[in-house]
Each structure stands twice: as structure tokens, then as C-alpha cells.
Number of protein chains: 2
Amino acid sequence: MSWRKEQRRAERGYHHGNLKEALLQAALGLIAEKGAAGFTFADAARMAGVSAAAPYRHFRDRDELLSSIAQRGFEQFESRLTAAWDDGRPDTVTAFERVGRAYLAFAREEPAFYNAMFESGLPVDANPALQAASERAFNVIRAAAERLAALAPPGTPRPPAMMMALHIWSMAHGVASLFSRGDAARRKLPMSPDELLEAEVLIYLRGLGFPTDRRPAKSAEPPPVPPEASSGSGVPPGGPWGKPK
Amino acid sequence: MSWRKEQRRAERGYHHGNLKEALLQAALGLIAEKGAAGFTFADAARMAGVSAAAPYRHFRDRDELLSSIAQRGFEQFESRLTAAWDDGRPDTVTAFERVGRAYLAFAREEPAFYNAMFESGLPVDANPALQAASERAFNVIRAAAERLAALAPPGTPRPPAMMMALHIWSMAHGVASLFSRGDAARRKLPMSPDELLEAEVLIYLRGLGFPTDRRPAKSAEPPPVPPEASSGSGVPPGGPWGKPK
DNA sequence: AGCTCATGTGAACGGCTTTTACATGAGCCG
DNA sequence: CGGCTCATGTAAAAGCCGTTCACATGAGCT
């Protein structure tokens with residue numbers, strides 16, 4: 001009856017060799033399936049082929065495993081946002097919107113990370129490393145907002161970059177957690193979450209006085225790269241939303 | 001040692017008399033304290049002074065209790081949003097922003113409900129009654145957006161009300177779940193969550209072409225009520241954000 | 001070859017969820 | 001009033017999980 005476990009053991013020996021990593025991977029899969037709440041320490045151990053007590057050699061407790069995953073998640077998140085931002089190329093507004101799409105893409109493609117980071121209820125502030133990682137990710141948005149704010153049309157008061165960053169973050173997180181994940185994604189929407197967020201951001205930027213109908217703006221921005229005939233996903237003609245019937 | 005339980009029993013008799021309600025209240029308190037994930041069926045039973053098996057006479061399982069709470073939450077939510085909207089008085093934009101503040105206020109003041117509704121991970125779509133309640137609440141925002149959209153400045157394409165409603169919802173939910181609750185509220189922000197959301201909505205509405213500097217707009221809106229010298233929390237002079245230094 | 005210590009095991013404790021058989025007593029019926 | 005019935009409660013038990021502890025194993029160093 002227990003030949004399974006014995007065989008497992010025979011295959012890999014008494015010592016696993018890479019248990020910590022195996023546990024992280026197992027947990028990632030389980031969280032993606034059943035959410036951080038449904039994820040079980042014992043299940044991860046089973047999946048790695050070790051006893052229920054083994055994980056305690058690598059993580060103080062279940063929460064520490066979760067924190068480790070959230071930590072990695074923030075790091076990957078930061079890296080993806082940074083890549084999307086691409087230092088503002090080919091122009092600030094285009095790059096800014098690409099960051100928004102990257103946010104949603106991450107939430108969709110890495111549900112386990114996203115869950116651990118934002119929906120697991122673990123106290124980010126209680127863990128300095130975690131908090132720092134979270135802050136580094138946010139700083140990508142913040143830096144992008146900074147560049148954008150610097151381009152504010154002359155004559156109008158310049159919007160605080162920090163505020164813009166918080167606004168953008170809240171929009172992206174709102175769309176992701178309400179419409180882009182799990183079964184909530186099944187709400188019938190008139191448009192895809194990506195389109196929804198893109199329109200939202202465009203309208204917001206327009207509210208700040210940024211020209212958004214054509215990119216790059218014909219304003220004072222020095223194009224770091226010759227503008228390509230970009231953006232198959234750019235603004236549809238007639239504004240950020242489809243043409244009204 | 002067990003005089004406690006015996007005494008409890010002596011006080012209220014073998015039958016509790018109102019266990020279902022007592023369990024709901026207990027659960028509400030527990031969820032507010034420890035989150036939906038940390039909430040325990042057994043704990044609620046203990047708090048109500050009954051055995052661990054008693055709750056099963058009133059709820060199929062732990063999830064059904066959670067669903068009941070979410071259901072009530074959506075109902076109260078709807079009622080509070082409806083009150084805040086007040087049928088668009090004294091003017092549409094003012095009322096619209098009041099709905100935004102009511103959203104945040106609900107998230108802050110009823111953390112247990114909000115948690116059960118949006119953060120407990122229970123499948124809203126799987127429960128028709130729950131889904132319907134959720135939809136009714138959203139419809140308040142949707143109706144408000146409808147009224148607002150009808151006031152779109154002439155000459156510009158009229159924004160779809162559904163899209164506006166989804167945008168506003170995502171902003172409110174984003175701000176609430178990132179900045180307005182639990183320990184995440186401790187992120188040092190340059191402004192309160194309420195101010196943050198208010199500015200976000202105002203900038204967004206401006207992006208749609210709505211005049212937001214003074215309310216009621218001097219546009220075509222027929223004021224249903226003589227405009228009061230309202231809004232101690234209205235737009236500060238100089239735009240939706242504070243004056244830039 | 002032998003020692004040591006990181007890593008893994010099994011057993012055990014307490015707590016939770018859920019089921020089952022049984023107990024209680026409130027409300028109804030004659 | 002006496003007795004029946006059934007909703008509502010209880011205790012006990014099975015199965016799972018998290019966590020701890022004493023003990024086993026074997027990889028790597030000397």
C-alpha cells in the first residue's frame with residue numbers, strides 16, 4: 001500500500017536535495033488552484049514527496065512560506081513593470097499605458113503570486129523585506145508617474161507624481177481584482193479588462209490635461225526614439241471608448 | 001471547570017432560541033477581528049455558547065454562513081449607496097462623489113461585511129442570490145453613472161454609462177482594498193484615502209469633459225434643488241489636488 | 001574511518017470541520 | 001392536562017491540518 005512513498009524515497013534517497021525550492025513550486029501550483037486560503041502546508045509536503053514535518057526545516061511556519069512567495073512575486077512584478085516601462089520608450093504616454101497592461105497581465109498570468117501578494121491577507125508591513133520589495137515594485141509606477149508629471153501641459157498646475165502613481169495603482173488593482181481574476185472575471189463586461197483599464201487611464205490622463213488622442217504628444221516631449229507606427233492596441237478613433245451608437 | 005458552559009446553559013435553557021442570528025453576529029465580530037480566512041465556525045459556536053455541532057442546524061457548512069454574511073453585506077451596501085446617491089441631489093456631480101465616499105466609508109466601517117463580500121474568495125457567481133444582491137448594489141453606481149452620462153457636455157461623444165460605472169467601481173475598490181483597510185492603511189500616504197479617491201474621480205470626470213471646478217456645473221443641468229453652499233469637502237481651490245509647492 | 005550537523009521521519013497534541021446517534025423541550029392535538 | 005412530534009441542541013468520533021519533539025540518516029569535512 002505504501003509502495004508509492006517507498007518508491008519515491010528510493011528514487012531520491014532520504015534527503016530530498018532541493019526541498020525548499022520544491023515546496024515553493026508546489027505551493028505556487030496549489031495557490032493558483034485553490035487560492036492562498038485553501039492552500040495547505042501538508043499538501044505541499046505531500047506533493048514534494050516528504051513528510052508533513054519536513055517543511056519546518058525550511059520555513060518557520062506556513063505563513064513564512066506564503067511570505068516567501070509574496071516576496072518573489074513582488075520581485076517578478078517589479079521586473080515585469082520595469083520591462084514594460086522600458087524607460088519611457090518610445091514615448092512617455094505609450095510606455096505608461098504599457099505598464100498598466102503589464103500590471104493586468106501579471107495578475108492574470110501569475111495568479112498565485114498575485115494572490116499571495118495582495119489577497120492572502122498576510123501583513124506586508126510586519127515583514128521589512130516584504131515591505132521593501134513591495135515598495136520597489138511601486139516605485140516603478142512612481143518613477144513613471146514622475147516622468148509623466150514633468151510633461152504636464154504648461155499653464156496648468158503640475159499634478160503631484162506620487163498622487164498620480166497612487167491613482168494609477170488603485171485603478172489597475174481595482175480592475176485586476178474585480179474583473180480580471182477567478183470567477184469574478186466571468187461578470188459580463190462590455191469590454192475586456194485590458195480595454196477597460198486602458199480607457200480608464202486615458203480618460204484620467206486627459207483629465208490632467210495630457211493630450212491622449214495621438215501619441216507621441218506633439219507637446220514638448222523629446223522623443224528618445226523615432227516614434228514607430230506603434231500601438232495596434234492604441235486609442236481607437238473617437239476617444240478612449242468605442243464609438244457611441 | 002466546566003461550570004461556565006453549565007451556567008450558560010442554565011441561563012438560556014437547552015434551546016438557544018435565536019441561534020442563527022447569534023451566529024451571524026458572532027461571525028461578524030470574528031471576521032472583523034481576524035479576517036474571513038481566520039474566522040472559525042467553532043469559534044462562532046463557542047461565542048454563542050453552543051456546541052460545535054449546533055451551527056449545522058442553521059447553515060449547511062461554514063461557507064454558507066459566509067455567504068449569508070456577504071448577502072447581508074451587499075444589501076446594506078446597496079442601501080448605503082442608495083442613500084448617498086439621494087437621487088442625484090443637490091446636483092449630479094456632488095451626489096456622485098458622495099457615492100464614492102460612501103463606498104469607502106462602508107469599507108472602513110463594516111470591515112467584516114466588506115471582507116466577506118470582496119476578499120473572502122467565496123464564489124459569488126456560484127450563488128444566484130448572492131450574485132443578484134451584488135448586482136443590485138452595482139446598479140446603484142450604474143444608475144448614477146447613467147444620470148451623469150446624460151449630462152455629458154454637448155459636442156463630445158457621450159461616454160457609455162456602463163463603462164463609467166465600472167471605472168468608478170474599480171477606483172473605489174482599488175483605493176479601499178489598497179489603502180483604506182487593515183494594515184495596508186498604514187502605508188504613509190500624502191493624503192487620506194477619501195481625498196485620494198475624490199481627486200481621482202474628479203480628474204476622471206474632467207477627462208470626460210465634465211466641469212468639476214464648481215458645483216453645480218453651470219452647464220445644462222437643471223438643479224432639482226436650490227444649490228446649497230455645500231461641500232466642506234468639496235474641491236480645494238486650485239484643482240482636485242492641493243496646491244503644488 | 002569517523003564525526004557532526006543539516007535535513008528528513010514518525011508519533012503525538014490540540015484544534016477545526018463535518019457526520020451521526022441520541023437528548024430535550026416547545027408547540028400542537030385530542 | 002397528557003402525549004406526540006419535530007426542530008433544535010449535545011456528545012462522540014473520524015479525518016484533516018499545523019506544529020513540536022525525539023530520533024534517524026547520510027553528506028561533507030577532518
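Per chain, numbering begins at 1; letters A, B, ... match sequence-line order. As a basis for the values below, the full set of heavy atoms in this structure was taken, side chains included, without hydrogen atoms, waters or symmetry mates.
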Taking [atom1] from [X] and [atom2] from [N], how many angstroms apart are they, rounded to a whole number?
X: B:Phe39; N: C:dG15; atom1: CZ; atom2: C1'; answer: 15 Å
X: B:Leu19; N: C:dA26; atom1: CG; atom2: P; answer: 16 Å
X: A:Asp43; N: D:dC16; atom1: CG; atom2: C1'; answer: 10 Å
X: A:Phe59; N: D:dT19; atom1: CZ; atom2: P; answer: 13 Å
X: B:Leu66; N: C:dT17; atom1: CG; atom2: C1'; answer: 14 Å
X: A:Asn18; N: D:dA27; atom1: CG; atom2: P; answer: 15 Å
X: A:Arg46; N: D:dC17; atom1: CZ; atom2: C1'; answer: 9 Å
X: A:Glu64; N: D:dG18; atom1: CD; atom2: C1'; answer: 15 Å

Closest nucleotide among C:dT19, C:dG8, D:dT19 to the A:Tyr56 side chain: D:dT19

What nucleic acid atoms does [X] come within less than 4.0 Å of, heavy atoms only: base, sugar-phosphate, or nothing?
X: B:Ala42; answer: sugar-phosphate
X: B:Asp61; answer: sugar-phosphate
X: A:Gly38; answer: nothing

Is there a side-chain polar atom (N or O) of [X] under 4.0 Å from OP1 or OP2 of [N]?
X: A:Thr40; N: D:dG18; answer: yes
X: A:His58; N: C:dG8; answer: yes
X: A:Arg62; N: D:dG18; answer: yes

Flag for A:Glu119-A:Ser177: side-chain donor and acceptor within less than 3.5 Å: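 Absent: no donor and acceptor within the cut-off.
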
DNA chain D: 5'-proximal contact among A:Asp63 and B:Gly17 (nearest heavy atom): B:Gly17

Of A:Phe41 and A:Arg57, the one whose closest DNA chain D nucleotide lies more 5': A:Phe41

Expected output: side-chain B:Glu195 to main-chain B:Ser192 donor-acceptor under 3.5 Å: yes

Mutual orientation of the aromatic rings belonging to A:Phe41 and A:Phe39 [parallel < 30°, tilted 30-60°, perpendicular > 60°]: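 The rings of A:Phe41 and A:Phe39 stand perpendicular, inter-plane angle above 60°.
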
Whether B:His173 and B:Tyr103 hold their rings parallel, tilted or perpendicular, with breakpoints at 30° and 60°: perpendicular

Lys/Arg N to Asp/Glu carboxylate O, A:Glu75 vs A:Arg80, below 4.0 Å: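 No, no charged N to carboxylate O under 4.0 Å.
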
